[in-house]
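The chain is numbered in sequence order, starting from 1. Only heavy atoms go into these numbers, but all of them, side chains included; no hydrogens, no water, no symmetry mates.
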Amino acid sequence: MLSGEERQNTYRMIEQDDFDINTRLHTIVRGEDEAAMVESVGLALVKLPDVLNRLKPDIMIVHGDRFDALALATSAALMNIRILHIEGGEVSGTIDDSIRHAITKLAHYHVCCTRSAEQHLISMCEDHDRILLAGCPSYDKLLSAKNKDYMSIIRMWLGDDVKCKDYIVALQHPVTTDIKHSIKMFELTLDALISFNKRTLVLFPNIDAGSKEMVRVMRKKGIEHHPNFRAVKHVPFDQFIQLVAHAGCMIGNSSCGVREVGAFGTPVINLGTRQIGRETGENVLHVRDADTQDKILQALHLQFGKQYPCSKIYGDGNAVPRILKFLKSIDLQEPLQKKFCFPPVKENISQDIDHILETLSALAVDLGGTNLRVAIVSMKGEIVKKYTQFNPKTYEERINLILQMCVEAAAEAVKLNCRILGVGISTGGRVNPQEGIVLHSTKLIQEWNSVDLRTPLSDTLHLPVWVDNDGNCAAMAERKFGQGKGLENFVTLITGTGIGGGIIHQHELIHGSSFCAAELGHLVVSLDGPDCSCGSHGCIEAYASGMALQREAKKLHDEDLLLVEGMSVPKDEAVSALHLIQAAKLGNAKAQSILRTAGTALGLGVVNILHTMNPSLVILSGVLASHYIHIVKDIIRQQALSSVQDVDVVVSDLVDPALLGAASMVLDYTTRRIH
């Protein structure tokens with residue numbers, strides 16, 4: 001069913017997609033005010049029964065929250081036709097909310113775009129088993145659309161002299177519950193755009209009450225004839241996608257700005273209250289009290305030309321297959337009467353049926369000195385699947401391998417019924433997690449300074465990306481999945497190739513003013529100790545790291561003092577820390593002395609941490625932790641103040657703290673956003 005002259009272009013698009021339109025129904029009453037909206041609904045209710053009696057549909061699909069959709073849902077419900085409502089459960093800030101929820105109460109089946117919308121539907125007493133969390137169908141097209149010939153489209157609508165990312169798309173509609181204010185806000189928006197002096201594509205408002213007055217404002221200001229503006233009534237969807245994907249900014253109050261445009265990371269300025277309840281990505285700047293031209297102008301200066309990570313809050317590109325599967329599962333023989341699930345609402349809201357059950361997961365990346373690992377990690381910390389490759393030596397090879405492995409893992413996740421919420425990356429060195437940039441790397445990872453990891457991954461996968469130091473990731477893994485869960489203050493020490501760590505204080509990770517907090521391996525425990533890779537000497541890492549133990553093992557081996565009865569080192573195998581540990585276990589006194597010295601250095605470092613941070617727990621993580629734990633506890637008893645000697649020191653029971661910590665960045669953010 002199509003209604004009104006304003007929908008002419010829409011039905012042409014439907015015909016271009018080779019669909020037959022059985023009936024064209026004109027129901028929009030001219031007037032563009034509240035009374036005209038009511039009359040349009042009434043006219044549709046008068047005309048629809050004949051059409052529905054003739055078509056006899058098994059299922060009526062109703063989309064969104066427009067007043068003409070309410071007429072269709074009302075007619076279908078009264079004529080005992082099953083209704084599937086798409087995009088229910090969302091919250092905005094206008095009469096659309098009331099219409100959307102009214103359609104929800106009439107509909108028998110629901111397809112929603114976000115987990116919050118799903119929860120809203122359940123809270124509205126809708127049947128749990130008749131709700132599908134599919135994502136937004138338009139995202140299926142959006143996420144595959146960006147690489148087309150967009151410049152010809154930009155030039156067609158905005159002129160030959162316009163460059164990519166150097167124009168604005170403006171789309172503003174009336175707010176029917178406050179028409180006077182929305183007209184004033186539109187006037188201020190146009191004034192700000194004129195002052196900002198950038199080429200702007202202005203789309204005419206929809207036909208809601210107040211639109212006629214907004215068009216008068218456009219004409220009063222000469223927008224249709226202004227050299228910087230192109231005013232149009234309609235842009236085909238395929239072309240509109242390209243225009244917003246490559247714009248320097250989008251401004252207005254359309255749901256398109258807060259929903260679909262996030263798929264491209266295009267900056268958006270959302271004006272007023274029309275979309276006040278919508279979930280948005282970080283690309284959206286809200287100007288809810290858009291009551292002065294200066295506020296809007298400042299927002300334009302803040303947003304124009306920025307590039308944000310692509311957001312997948314509203315979909316991952318697989319909505320249509322899910323909806324088709326859901327439609328095929330509907331039993332047309334089951335009773336038509338709706339059932340409402342009144343409170344108490346079920347606590348477990350995951351859908352335990354085939355077409356809905358998906359495991360919320362993260363892609364975790366661990367960049368080690370030797371290996372590059374990627375894993376699919378579930379919300380419960382289960383590693384669903386893991387991929388391992390040797391870490392290349394050059395930047396180009398490494399970044400290409402990361403992208404390749406992540407793309408393959410994301411594709412595999414769909415087959416494993418896992419929904420990837422984002423990507424978390426754990427890497428050695430100093431990291432700016434706010435920008436997703438590796439500032440300085442360790443010597444173990446070459447060509448890895450001033451590297452932007454967030455942008456290429458986000459652009460390729462259309463997912464949000466988090467990056468942090470491997471020590472911080474280990475601490476986050478303990479906080480979410482390990483022995484630090486529920487603790488307000490604790491410290492994690494990683495004992496591996498190097499020595500690192502992370503500090504959790506008042507439940508939050510400490511990064512420091514220059515992202516250098518928790519470099520615990522470089523606490524100095526001796527003024528005349530061995531040289532450290534950092535350039536200093538006497539650091540914990542110079543005594544207790546895997547590299548330090550390997551150094552001492554080589555010295556013993558060169559002097560023929562390493563091997564004891566029952567040991568051998570093949571000629572093609574390098575001497576390592578493991579050989580030193582094996583020798584100590586077999587009674588080699590010199591190897592035992594080296595391990596004791598290393599454990600003592602680590603223990604003194606822990607004492608310093610206890611005296612400085614006073615945590616409630618210290619967690620030793622990594623392959624060497626179990627070899628050091630008893631020595632560390634002895635040093636604490638001998639050297640620490642009595643007030644901290646009761647602080648427990650434990651060995652981590654997590655198998656892959658780096659991967660789990662990388663995943664926790666994604667899962668923690670998602671949990672906070674959802675709940």
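Here the straight-line distance linking atom CG of Asp96 with atom OG1 of Thr176 works out to 6.5 Å at 0.5 Å rounding. Between the CG atom in Leu132 and the CD atom in Glu118 there is a gap of 9.0 Å [rounded to 0.5 Å]. We find the CZ-CD1 distance between Phe204 and Ile223 to be 10.0 Å, quoted to the nearest 0.5 Å. Rounded to the nearest 0.5 Å, atoms CZ (Arg82) and CD1 (Ile61) are 14.0 Å apart. Once rounded to the nearest 0.5 Å, the distance linking OG1 of Thr200 with CG of Leu190 reads 9.5 Å. Asp316 CG to His462 NE2: the interatomic distance, rounded to the nearest 0.5 Å, is 11.5 Å.
Thr23 and Arg54 share a donor-acceptor pair across their side chains, judged by distance under 3.5 Å alone. Side-chain N/O atoms of Ser152 and Asp149 include a donor and acceptor closer than 3.5 Å. Using modelled atom types, one finds no donor on one side chain facing an acceptor on the other under 3.5 Å when comparing His120 with Glu90. There is no side-chain donor-acceptor pair under 3.5 Å between Glu126 and Thr104.
The only option from His85, His101, Arg100 that meets the side chain to side chain donor-acceptor pair (under 3.5 Å) definition with Asp65 turns out to be Arg100.
Without hydrogens or angle criteria, Ser329 side chain to Phe326 main chain gives a donor-acceptor distance under 3.5 Å. Remark: the backbone N or O of Asp289 is paired with a side-chain donor or acceptor of Lys295 at under 3.5 angstrom. At least one donor-acceptor pair under 3.5 Å links the side chain of Asp140 to the backbone N or O of Val320. Within the 3.5 Å criterion, the main-chain N or O of Gly262 finds no donor-acceptor partner in the side chain of Thr266. His226 places a side-chain N or O within 3.5 Å of a backbone atom of Asn228 that can act as its donor or acceptor partner. Although no hydrogens or angles enter the test, the distance criterion places a donor-acceptor pair under 3.5 Å between the side chain of Lys56 and the main chain of Asn53. Between the side chain of Ser211 and the backbone N or O of Asn206 there is at least one donor-acceptor pair closer than 3.5 Å.
Ala134 approaches Val111 most closely through the heavy-atom pair CB-CG1, 3.8 Å. For the pair Cys249 and Ile269, the tightest heavy-atom approach, listed with the atom from each and the gap, is SG-CD1, 3.8 Å. Contact detail for Pro309 and Arg454: the closest heavy-atom pair is CG-CD, 3.8 Å. Of all heavy-atom pairs between Tyr139 and Gly315, the closest is CD2-O, 3.5 Å. Nearest heavy-atom pair across Ile323 and Pro137 is CD1-CG, 3.8 Å. Closest non-hydrogen pair, Leu463 versus Ser458, comes out as O-OG, 3.2 Å.
Between Phe264 and Cys310 there is no side-chain heavy-atom pair separated by less than 4.5 Å. The side-chain heavy atoms of Arg259 and Cys136, taken from C-beta on, include a pair separated by under 4.5 Å. Proximity of Val41 to Val38: side-chain heavy atoms (C-beta onward) are nowhere separated by under 4.5 Å. Residues Met151 and Arg155 meet the side-chain proximity criterion, which asks for heavy atoms closer than 4.5 Å. Looking only at side-chain heavy atoms (C-beta outward), His108 and Leu336 come within less than 4.5 Å of each other. Counting heavy atoms from C-beta outward, Ser75 and Leu45 have side chains that approach closer than 4.5 Å. The closest side-chain heavy-atom distance from Ile83 to Tyr109 is not below 4.5 Å. Looking at Leu121 and Cys112, their side chains come closer than 4.5 Å, going by heavy atoms from C-beta outward.
Taking a cutoff of 4.0 Å between a charged side-chain nitrogen and a carboxylate oxygen, Lys221 and Glu187 qualify as a salt bridge. Salt bridge absent: Lys338 and Asp127 never bring a charged side-chain N and a carboxylate O closer than 4.0 Å. A salt bridge links Asp208 and Arg66; the closest N-O separation between the charged side-chain nitrogens and carboxylate oxygens is under 4.0 Å.
Residues in residues 167-194 take part in no ring-ring contact (aromatic ring centres under 6.0 Å, His included) pair, two or more places apart or across chains.
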Trace of the side-chain hydrogen bond (donor to acceptor under 3.5 Å, both in side chains) decision for Gln242 with Asp238
CA-CA 7 Å; Gln242 302 302 324; Asp238 286 348; over 6 Å; no

Does His63 form a side-chain hydrogen bond (donor to acceptor under 3.5 Å, both in side chains) with Glu87? I'd like the steps, not just the answer.
CA-CA 7 Å; His63 173 262; Glu87 294 184 12; 3.1 Å; yes

Step by step, work out the side-chain hydrogen bond (donor to acceptor under 3.5 Å, both in side chains) result for Asn318 and Arg419.
CA-CA 10 Å; Asn318 296 298; Arg419 179 171 298 197; over 6 Å; no

Chi angles and distances behind the salt bridge (Lys or Arg N to Asp or Glu O under 4.0 Å) call for Arg274, Asp97:
CA-CA 10 Å; Arg274 191 170 185 266; Asp97 265 349; over 6 Å; no

Evaluation steps, side-chain hydrogen bond (donor to acceptor under 3.5 Å, both in side chains), between Glu282 and Ser311
CA-CA 8 Å; Glu282 60 181 287; Ser311 167; over 6 Å; no

Side chain to side chain contact (heavy atoms under 4.5 Å, CB included) for Val284 and Val261? Distances and angles first, verdict last.
CA-CA 9 Å; Val284 179; Val261 177; over 6 Å; no

Mind running side chain to side chain contact (heavy atoms under 4.5 Å, CB included) on Leu193 and Leu300 for me, showing each step along the way?
CA-CA 8 Å; Leu193 288 168; Leu300 283 165; 4.1 Å; yes

Before giving the answer on side chain to side chain contact (heavy atoms under 4.5 Å, CB included), spell out for Ile313 and Thr114 the whole-Å C-alpha distance, their side-chain angles and the decisive distance to 0.1 Å.
CA-CA 7 Å; Ile313 293 174; Thr114 69; 4.1 Å; yes

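Applying the ring pair (Phe, Tyr, Trp, His ring centres under 6.0 Å) criterion to Phe67, with sequence neighbours excluded, gives no partner residue. Gln172 is linked by a side-chain hydrogen bond (donor to acceptor under 3.5 Å, both in side chains) to Thr189, counting only residues two or more places apart in sequence or in another chain. Shown here are the side-chain hydrogen bond (donor to acceptor under 3.5 Å, both in side chains) partners of Asn283, two or more places apart in sequence or in another chain: there are none. For the side-chain hydrogen bond (donor to acceptor under 3.5 Å, both in side chains) test, residues two or more places apart in sequence or in another chain that qualify with Asp161 are Arg199. Evaluation of the side-chain hydrogen bond (donor to acceptor under 3.5 Å, both in side chains) rule for Glu224 yields Arg219 as partners, not counting sequence neighbours.
Phe196 and His301 have their aromatic ring centers within a separation under 6.0 angstrom.
Surrounding CZ of Phe340 are more than 12 heavy atoms belonging to other residues, nucleotides or ligands, all under 6.0 Å away.
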